[in-house]
Amino acid sequence: MKIFTRSSLLTSWLNQQSKEASIGFVPTMGALHRGHLSLINASRKENDITVCSIFVNPTQFNDPADLDKYPRTPTEDLALLRAAGCEVVLLPAVEDIYSDPAIKERSYDLQGLDQPWEGAHRPGHFQGVCMVVHRLLEIVPAHSLYLGQKDWQQMLILRKMISQLPEITTKVVPCPIVREEDGLAMSSRNALLTPQERHQSIAIYQTLQWISAHIHDKPWDVLLAEARERLHVAAPLISAIEYLALVNGDTLAPASEKQPPACLLAITAVQFPSARLIDNIIIKD
Ligand code: AMP
């Protein structure tokens with residue numbers, strides 16, 4: 001496994017490889033788990049070279065305390081990537097990624113996709129995500145970009161961003177959510193939960209499954225109100241349910257039962273004292 005800390009050296013190395021070799025790219029913020037590894041596996045099946053980046057991107061954190069406490073486990077990450085057969089890892093410093101001040105001046109018109117849900121609760125987050133992934137795709141001229149459906153809104157936004165950048169021809173490959181045995185969506189932030197919070201966190205996916213199972217049983221506003229109540233009761237340590245909604249999976253607009261969208265998702269974000277978690281379930285696709 002080749003490890004690069006300087007992005008220019010990675011770009012030169014990739015340019016020296018055969019022009020026929022397909023490149024799959026998996027950007028991450030490290031503290032790797034099976035969810036990340038499923039992306040690596042998907043890329044390895046479809047490409048000659050898989051590149052994984054590990055970079056905790058400061059520009060996508062609207063809360064400095066969140067950036068400070070974000071888990072960092074580089075030694076374990078490299079061992080996991082080696083075992084997974086990942087060919088190339090990029091572990092850059094912040095100064096390397098943002099060496100050119102013009103990169104931080106870039107702004108992206110995401111045609112409203114960045115406004116609701118995560119965008120409303122994390123101002124500036126998606127501009128930071130676009131900034132870093134745009135820069136990473138300049139470093140890694142990938143054929144395919146592997147993104148988890150756990151971050152559904154991020155996946156739609158990055159697809160939109162790429163569609164607006166004529167010089168970038170990378171295809172987005174969505175990958176299903178990998179869960180713990182008890183249903184909790186894997187996340188680097190799960191490591192921050194106290195044992196009690198971790199125990200109650202199973203209620204998040206259970207609530208999404210309950211919504212999916214009862215989607216035809218009652219009006220959706222009633223269904224969502226009951227689901228909120230269930231979640232509060234099952235997980236009293238949750239200090240805020242930031243959103244729990246039924247949305248059109250293509251546009252993120254709130255979904256209504258009068259005109260159900262072709263792709264229907266239930267999405268949620270909850271705040272525990274120790275960590276903020278997000279999850280979603282595809283009800284109809
Ligand atoms: P992160 O390190 O959290 O920025 O995530 C890096 C990539 O892994 C993103 O495309 C995420 O959507 C994806 N990912 C994170 N958790 C999971 C999961 N449980 N299942 C599948 N993909 C995931």
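Source: prediction; values computed, not measured. Note that ligands are numbered from 1 as they come in the structure, with each ligand's atoms numbered from 1 the same way.
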Participant: Do V132 and V89 sit in one hydrophobic cluster, given that two such residues count as connected whenever their side-chain heavy atoms are within less than 4.5 Å of each other, even indirectly?
Facilitator: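 Per the 4.5 Å side-chain linkage, V132 and V89 are not co-clustered.
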Participant: Only heavy atoms count here, so choose which of S53, G148, A42 is nearest to atom 22 (N) of ligand 1.
Facilitator: G148
Participant: Just heavy atoms, cut-off under 4.0 Å: does M155 contact ligand 1 by side chain, backbone, both, or neither?
Facilitator: neither
Participant: Tell me whether ligand 1 is touched by A31 - counting only heavy atoms on the residue side and a distance under 4.0 Å.
Facilitator: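 A31 does not count as a contact of ligand 1 under the 4.0 Å cut-off.
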Participant: Cluster partners of M186, using ILVMFWY side-chain heavy atoms under 4.5 angstrom, listed by chain and number?
Facilitator: V178
Participant: To check your reading of the model: name the closest protein heavy atom to atom 15 (C) of ligand 1, its residue, and the distance in Å.
Facilitator: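 Looking only at protein heavy atoms, the one closest to atom 15 (C) of ligand 1 is H33 CE1, 4.0 Å.
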Participant: May I ask you to identify, for L39, whether its side chain, its backbone, both or neither come under 4.0 Å of ligand 1 on a heavy-atom basis?
Facilitator: side chain
Participant: Between Y243 and L265, is there a shared hydrophobic cluster once you connect ILVMFWY residues whose side-chain heavy atoms come closer than 4.5 Å?
Facilitator: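 Yes, same cluster.
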Participant: Would you check if there is a donor-acceptor pair between the side chains of Y98 and T59 at a distance under 3.5 Å?
Facilitator: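 Judged by distance alone, the side chains do pair up.
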Participant: Where do H36 and D77 land on the side-chain contact (heavy atoms from CB on, under 4.5 Å) test, with the steps shown first?
Facilitator: CA-CA 10 Å; H36 297 114; D77 291 350; over 6 Å; no
Participant: Which bit of P176 is near ligand 1, meaning a heavy atom under 4.0 Å away: side chain, backbone, both or neither?
Facilitator: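 Contact part for P176 vs ligand 1: backbone (N, CA, C, O).
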Participant: Does atom CD (E167) have a neighbourhood of more than 12 heavy atoms from anything else shown, all under 6.0 Å?
Facilitator: yes
Participant: Please work out whether any backbone atom (N, CA, C, O) or any side-chain heavy atom from C-beta onward of H36 is under 4.0 Å from ligand 1, and answer side chain, backbone, both or neither.
Facilitator: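 The side chain, only.
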